[in-house]
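Notes for the one structure printed next.
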Amino acid sequence: MSVAFTFPGQGSQVVGMGKDLAEAFPEARAVFEEVDEALGEKLSAVMFEGPAETLTLTANAQPALMAVSIAVLRVMEARGFQLKDKVSYVAGHSLGEYSALCAAGTFSLADTARLLRIRGNAMQAAVPVGAGAMAAILGLEHADVAAVCAEAAASGAVQIANDNGGGQLVISGEKAAVEKAAALASEKGAKRAIMLPVSAPFHSTLMGPAAEAMREAIAAVEMKAPIVPLIANVRAAPVSDPSEIASLLVEQVTGQVRWRETVEWFGNNGVSVLYEIGAGKVLTGLVRRIDKNLTGTAVNAPADIEAALTALLA
């Protein structure tokens with residue numbers, strides 16, 4: 001049975017994240033310093049001290065979450081862990097896909113930070129504030145939510161953005177259409193349909209300008225084949241070819257994050273343990289809902305790293 005590393009997405013950020021790592025480990029400090037240098041600003045100060053509203057800005061949250069993930073990994077590597085020897089696959093939720101690719105050597109740390117700053121800014125700029133929306137639909141099957149979106153499409157663009165598993169789907173698109181779809185979902189028996197406090201309609205066709213910005217940005221950086229395969233968000237299947245990865249990252253901006261299917265793929269292909277590398281425990285919680293035969297473990301604090309290394313290097 002094999003191991004996969006997963007990397008969290010937006011929403012896992014919290015003021016103070018990474019500070020304990022920076023204080024305990026010089027390898028972690030070096031990661032935060034390199035990200036600060038790549039961006040030309042002290043993002044680490046916002047991460048460690050806030051304010052929360054500044055950290056939550058998409059252009060900050062995305063590189064910040066990646067930095068914590070890679071800091072954890074670098075600390076593990078300094079203690080004898082090697083990804084290619086112990087891990088069969090990597091995957092990340094939305095922006096976490098970039099963290100996964102940085103971990104697997106496809107992008108350098110500095111390039112990953114700059115790509116995520118571009119991605120965050122481009123996603124924010126793609127749609128005027130208030131024009132788009134997202135909603136969480138709880139307790140309906142994927143096919144039912146897809147049908148609701150199709151019915152609501154008369155009011156504008158709306159689609160499934162994230163299939164997170166455990167009966168949790170997120171829809172995204174034009175505000176009126178998302179509100180209509182949420183109302184229809186409630187009528188069709190959803191346990192809850194909740195409008196989300198987000199700044200833009202991520203993973204929808206409205207993100208087209210951001211997808212084009214990422215196509216240009218990714219084309220301008222060096223890419224290497226990952227040392228272990230990536231399970232891509234929009235495909236829920238392994239990929240290792242750099243040019244294919246580049247096109248899937250562009251597609252991901254407007255496409256669906258197929259996280260439920262990703263975790264199911266792991267379970268069907270010999271993976272038994274998923275380590276969530278970085279801030280929070282969101283993905284670890286989802287593992288339990290999707291496949292009870294899989295073990296999920298969050299690794300973000302110094303004690304988590306020690307425990308993970310004990311298990312992985314045994």
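Along the sequence shown, the residues carry numbers beginning at 1.
L286 is not listed as a side-chain neighbour of V263, based on a closest heavy-atom distance of 4.5 Å or more. For the pair L116 and L95, the minimum side-chain heavy-atom distance is below 4.5 Å. Residues E27 and L21 have side chains not in contact (no heavy-atom distance under 4.5 Å, counting atoms from C-beta outward).
Counting only distance, with no hydrogens or angles, the side chain of Q159 and the backbone of S172 share no donor-acceptor pair below 3.5 Å. The closest donor-acceptor contact from the side chain of D36 to the backbone of L43 lies under 3.5 Å. Using a distance-only test at 3.5 Å, with no hydrogens or angles considered, no donor-acceptor pair links the side chain of N162 to the main chain of V170. Looking at R258, its side chain does come within 3.5 Å of a backbone N or O of V234 through a donor-acceptor pair. Remark: the backbone N or O of H93 is not paired with any side-chain donor or acceptor of N233 at under 3.5 angstrom. Between the side chain of S69 and the backbone N or O of I277 there is at least one donor-acceptor pair closer than 3.5 Å.
Each of H203, R235, R119 was checked for a side-chain hydrogen bond (donor to acceptor under 3.5 Å, both in side chains) with Q252, and the lone residue meeting it is R119. For the side-chain hydrogen bond (donor to acceptor under 3.5 Å, both in side chains) with E276, the qualifying choice from T6, T284, N300 is T284, the only one to do so. For the side chain to side chain contact (heavy atoms under 4.5 Å, CB included) with Q13, the qualifying choice from T56, L57, V68 is T56, the only one to do so.
Hydrophobic cluster membership is shared by F48 and L65, with clusters built from Ile, Leu, Val, Met, Phe, Trp and Tyr side chains linked at under 4.5 angstrom. In the hydrophobic cluster analysis, where Ile, Leu, Val, Met, Phe, Trp and Tyr join through side-chain heavy atoms closer than 4.5 angstrom, V31 is grouped together with L83. One hydrophobic cluster, built from ILVMFWY side chains closer than 4.5 Å, cannot hold both L283 and L230; they sit in different ones.
For the pair A133 and V178, the tightest heavy-atom approach, listed with the atom from each and the gap, is O-CG2, 3.5 Å. Minimum heavy-atom separation, A232 to T262: O-OG1, 4.3 Å. Contact record, A200 with M207: CB-CE, 4.0 Å, taken as the closest heavy-atom pair.
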Verdict with supporting geometry, R29 and E33, salt bridge (Lys or Arg N to Asp or Glu O under 4.0 Å)
CA-CA 6 Å; R29 280 197 300 280; E33 287 165 6; 5.2 Å; no

Check against side-chain contact (heavy atoms from CB on, under 4.5 Å), M66 and L109
CA-CA 9 Å; M66 181 277 299; L109 175 59; 3.6 Å; yes

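Annotation: side chain to side chain donor-acceptor pair (under 3.5 Å) contacts involving residues 137-151, sequence neighbours excluded, comprise H142-Q256.
In this structure, a donor-acceptor pair under 3.5 Å is present between the side chains of R117 and N60. Judged purely by distance below 3.5 Å, without hydrogens or angles, the side chains of S108 and E222 never pair a donor atom with an acceptor atom. A donor-acceptor pair shorter than 3.5 Å cannot be found between the side chains of Q10 and S94.
In summary, the aromatic rings of F5 and F81 are positioned with their centroids under 6.0 Å apart.
Ring geometry, Y89 versus W265: the interplanar angle exceeds 60°, so the pair is classed perpendicular (tilted spans 30 to 60°).
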